Chemist: 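Mind looking over this structure? Questions follow.
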Protein chains: 2
Amino acid sequence: MHSGQPAAPYPATLNDVAKVAGVSLATASKAINGRGDVAESTRKRVLDAAERLGFTPNQLARSLLAGRTHTVGLLTSDLEGRFVIPILMGAEDAFGAGQVNVFLCDARGDNIREQHHLKALLNRRVDGIIVVGRQTDPRPSLGQNVPVPVVYAYAPSEDPADLSLTPDNEAGGRMLVEHLISCGRTRIAHITGDPAYAAAQDRARGVHDALAAAGLELHGEVMFSDWSERWGRDAAAMLLEQHPEVDAIACGSDQIARGVLDTLRDLGRQVPEDVAVIGYDNWEVLTTNARPELTSIDANLQQLGREAARHLFKVMGTSEPRPAGTRYLPVRLVIRGSTIARR
Amino acid sequence: MHSGQPAAPYPATLNDVAKVAGVSLATASKAINGRGDVAESTRKRVLDAAERLGFTPNQLARSLLAGRTHTVGLLTSDLEGRFVIPILMGAEDAFGAGQVNVFLCDARGDNIREQHHLKALLNRRVDGIIVVGRQTDPRPSLGQNVPVPVVYAYAPSEDPADLSLTPDNEAGGRMLVEHLISCGRTRIAHITGDPAYAAAQDRARGVHDALAAAGLELHGEVMFSDWSERWGRDAAAMLLEQHPEVDAIACGSDQIARGVLDTLRDLGRQVPEDVAVIGYDNWEVLTTNARPELTSIDANLQQLGREAARHLFKVMGTSEPRPAGTRYLPVRLVIRGSTIARR
DNA sequence: AGGCTCATCGAAAAGGGTTTCGAGCACTTT
DNA sequence: AAAGTGCTCGAAACCCTTTTCGATGAGCCT
């Protein structure tokens with residue numbers, strides 16, 4: 001089964017346009033790019049010819065000359081991770097329907113491959129690079145001798161000389177507790193994921209601080225294990241056994257929260273009447289399908305991607321000293337039925 | 001907070017290398033690319049110089065000359081969709097740690113924006129384009145006068161002159177039923193999503209055909225509505241009211257299956273002992289966290305992405321007539337505890 | 001010694017566009 | 001009539017690499 005059509009040829013070059021219009025290369029270029037020094041009648045002739053031939057300028061040639069390609073590289077270590085995608089969308093968004101295109105590279109968590117991709121991107125003369133990790137744990141820097149600006153998103157760089165943008169997990173942890181308190185809860189427990197993750201530790205610290213600030217104490221220890229629903233179910237069962245008095249459970253992820261909801265349901269506890277539950281990440285497929293729908297913390301990742309892109313935009317091309325350090329971007333509370341009863 | 005380091009300059013050009021090595025541009029190029037006609041001693045001198053200067057060839061210049069860029073465009077209409085990502089990974093994978101880089105463009109479902117991105121990709125002289133949709137419903141073709149090969153992935157093109165790769169949903173539907181029958185079930189119902197989706201219709205047809213082939217009939221009508229957990233819960237409740245005899249439920253998505261599992265649990269039915277449940281899509285976060293873990297159909301999307309890339313590879317550069325038509329790629333059964341009791 | 005081959009190297013063009021700068025020309029001014 | 005002014009346009013350089021093909025020189029044969 002073949003179409004038989006080999007392929008349309010690439011459209012005309014500027015040279016063709018110039019010939020058809022009966023002018024020189026230089027004049028054709030100026031006419032098309034709207035530079036001065038070309039009579040209105042000539043411009044029209046050139047534009048007509050370009051239109052007829054379907055001319056579009058070859059970006060390769062243009063970039064080669066200009067020294068800027070209007071491309072950026074997005075270097076990620078884990079594409080399947082759900083954190084990369086919103087960031088990627090935000091970046092694409094900020095660069096806009098505009099002129100910038102994004103090269104996507106997935107290093108699959110392999111350092112060698114990352115170096116390889118980096119080199120490939122530089123050989124293609126990208127104007128900037130966004131490095132996206134899948135955890136909020138600091139990652140090794142690409143180093144300071146990269147000839148284009150680099151910004152680290154989600155996973156900050158270990159090197160303070162780099163610019164990193166990462167969600168403020170500590171503020172998120174505080175937000176969990178503050179919201180529960182504002183719902184009138186005082187007997188709060190915290191079930192979270194793998195203690196080896198900075199995200200787990202940072203959120204737990206936020207939880208602790210907000211409780212302390214309100215003169216409260218956590219009911220039970222922070223329960224660390226992994227980020228699964230199963231752990232949420234098991235942890236909730238243990239928790240209710242040892243601390244049946246709890247009236248709110250702050251969870252370190254939406255998956256954990258889903259598990260917690262299941263156990264509460266099995267044990268006949270009403271949510272949110274008896275126990276309020278709050279998740280983290282605002283992963284829609286989990287939050288909006290839960291019974292009841294799950295209140296959660298959204299890390300504003302798309303916003304983070306936009307910021308990263310905007311930053312690159314600002315410093316691309318300039319040779320000024322670049323901003324450095326790690327910026328913690330605000331997160332956002334999304335309230336649903338698991339903390340506030342629907343009327 | 002500034003690093004103070006403005007940016008390392010771009011590395012040396014071939015000209016610099018030639019000068020340092022004391023040879024001509026041509027010789028330097030030949031030495032570096034391993035072409036013949038250059039004395040071993042000279043080659044060493046050039047390579048040393050290149051090493052010292054950190055020379056890497058400018059791909060722009062190279063591409064401009066060669067007429068091939070070793071880049072492809074990936075044009076998607078919906079990045080957040082979970083179908084795009086595995087396909088993207090498969091494509092990245094097939095192009096390999098090799099030479100090809102991927103431009104990612106998200107049209108956000110907007111036709112104008114898609115045209116715009118297409119033009120931008122062509123101006124950058126990509127060697128090929130992969131179009132990825134978020135549904136299996138056929139989508140409008142980009143047309144036949146695109147100067148590079150195009151392959152449609154997941155969402156096939158409406159135009160049979162294009163090459164499309166899409167998962168075989170009908171076979172998947174049959175597989176649902178065949179597996180349930182092989183588990184000894186005969187009283188089978190089907191709950192699925194939005195009837196406006198080709199995926200829902202194709203899978204339902206597969207379910208119907210496989211039942212007919214086994215001399216069985218569906219218990220109740222096919223239940224269409226939407227792809228949510230909530231619908232799964234509600235539909236299962238209705239189903240068990242009207243057809244309490246069912247011993248298996250084939251679901252059109254994992255979300256629906258999760259809802260079905262919840263209702264069965266609420267009603268005290270054992271899974272899989274009383275009722276077997278099977279999902280579709282093999283969305284890991286849903287399947288492996290379910291109680292019991294959910295048997296499902298995997299569309300092999302990563303494989304599909306690889307195939308798409310491989311196809312582009314094959315026809316890129318050649319001017320032969322291109323293969324056309326829609327190819328339905330095999331799907332795969334992933335067995336877990338919701339259909340077969342764990343020992 | 002002259003003519004030959006062979007290995008090695010470099011000049012130049014090509015790829016497609018942008019930009020600088022000088023040339024040509026019509027028209028005005030003194 | 002000579003000089004000056006202002007507007008159009010084109011030649012050529014440039015970006016960086018690859019490739020062709022002709023030039024150079026050394027070594028060998030008769």
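Everything numeric in this text was worked out from a predicted model, so none of it was measured. The basis for the numbers below is simple: all heavy atoms, side chains too, and nothing from hydrogens, waters or symmetry mates.
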Chemist: What are the two closest heavy atoms between L60(B) and L64(A), and how far apart are they?
Modeler: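 Result for this residue pair: CD1-N, 4.1 Å.
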
Chemist: Counting only side-chain nitrogens and oxygens, does N15(A) get under 4.0 Å of the OP1 or OP2 atom of dG17(C)?
Modeler: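 No.
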
Chemist: Return a table of donor-acceptor pairs under 3.5 angstrom between the side chains of residues 50-57 of chain A and protein atoms on other chains or two or more places apart.
Modeler:
| residue | atom | partner | partner atom | Å |
| --- | --- | --- | --- | --- |
| T56(A) | OG1 | N123(B) | OD1 | 2.8 |

Chemist: Rounded to whole Å, how long is the line connecting atom CG of N33(A) with atom P of dT19(C)?
Modeler: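 Distance, rounded to whole Å: 7 Å.
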
Chemist: Roughly how many Å is it from CG in L65(A) to P in dC15(D), rounded to a whole number?
Modeler: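 It is 8 Å, rounded to the nearest whole Å.
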
Chemist: Please verify the inter-ring angle class for F313(A) with F95(A); under 30° counts as parallel, over 60° as perpendicular, anything in between as tilted.
Modeler: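 Answer is perpendicular, since the angle exceeds 60°.
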
Chemist: In whole angstroms, how far is the P atom of dC16(D) from the CG atom of L14(B)?
Modeler: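 Distance, rounded to whole Å: 11 Å.
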
Chemist: Nearest whole angstrom, please: distance from the C1' of dG16(C) to the CZ of R124(B).
Modeler: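 The distance from CZ of R124(B) to C1' of dG16(C) comes to 15 Å, rounded to the nearest Å.
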
Chemist: Measure CD1/I32(B) against P/dC16(D) and give the value in whole Å, please.
Modeler: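 One finds 15 Å between P of dC16(D) and CD1 of I32(B), rounded.
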
Chemist: Have D106(B) and T76(B) got a donor and an acceptor in their side chains that come within less than 3.5 Å?
Modeler: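 No, because no side-chain N or O of D106(B) sits under 3.5 Å from a partner of the opposite role on T76(B).
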
Chemist: Which pair of heavy atoms, one from A309(B) and one from A94(B), lies closest together, and at what distance?
Modeler: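 Minimum heavy-atom contact is CB-CB, 3.5 Å.
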
Chemist: Go through the steps to decide whether D159(B) and Q144(B) satisfy the test side-chain hydrogen bond (donor to acceptor under 3.5 Å, both in side chains), and finish with yes or no.
Modeler: CA-CA 9 Å; D159(B) 187 339; Q144(B) 297 307 311; 3.3 Å; yes

Chemist: Report the distance from atom CZ of R68(A) to atom C1' of dC15(D), rounded to the nearest whole Å.
Modeler: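 Those two atoms, CZ and C1', are 16 Å apart.
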
Chemist: By nearest heavy atom, map T13(A) and A28(B) onto DNA chain C; which one lands nearer the 5' end?
Modeler: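 Taking each residue's closest nucleotide, the earlier one in sequence belongs to A28(B).
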
Chemist: Quickly work out the L64(A) CG to dG17(C) P distance and round it to whole Å.
Modeler: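 So the two atoms are 12 Å apart, to the nearest Å.
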
Chemist: To the nearest 0.5 angstrom, please state how far the CZ atom of R125(B) sits from the OG1 atom of T69(B).
Modeler: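 Between R125(B) CZ and T69(B) OG1, I get 9.5 Å after rounding to 0.5 Å.
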
Chemist: May I ask you to list the residues of residues 44-62 of chain A, by number, that have any heavy atom positioned under 4.0 Å from an atom of DNA chain D?
Modeler: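 Here the set is empty: none.
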
Chemist: Do any N or O atoms from the side chain of R139(A) and from the backbone of Y152(A) form a donor-acceptor pair under 3.5 angstrom?
Modeler: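 No; judged by distance alone, with no hydrogens or angles, the pair does not exist.
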
Chemist: All N/O contacts under 3.5 Å from nucleotides 11-13 of chain D to the protein, with atom names and distances to one decimal?
Modeler:
none

Chemist: Say you draw a straight line from CD of Q59(B) to NE2 of H70(B); how long is it, rounded to the nearest 0.5 Å?
Modeler: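 So the gap between those two atoms works out to 7.5 Å.
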
Chemist: With a non-hydrogen cut-off below 4.0 angstrom, is T42(B) in contact with a base, only sugar-phosphate, or nothing?
Modeler: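 Sugar-phosphate contact only - T42(B) comes under 4.0 Å of backbone atoms but never of a base.
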
Chemist: Rounded to whole angstroms, how far apart are CZ on R125(B) and C1' on dG15(C)?
Modeler: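 Distance check: R125(B) CZ to dG15(C) C1' gives 11 Å.
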
Chemist: Both R43(A) and R35(B) contact DNA chain D. Which one's nearest nucleotide lies toward the 5' end?
Modeler: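 First, find each residue's nearest nucleotide; the 5'-ward one identifies R43(A).
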
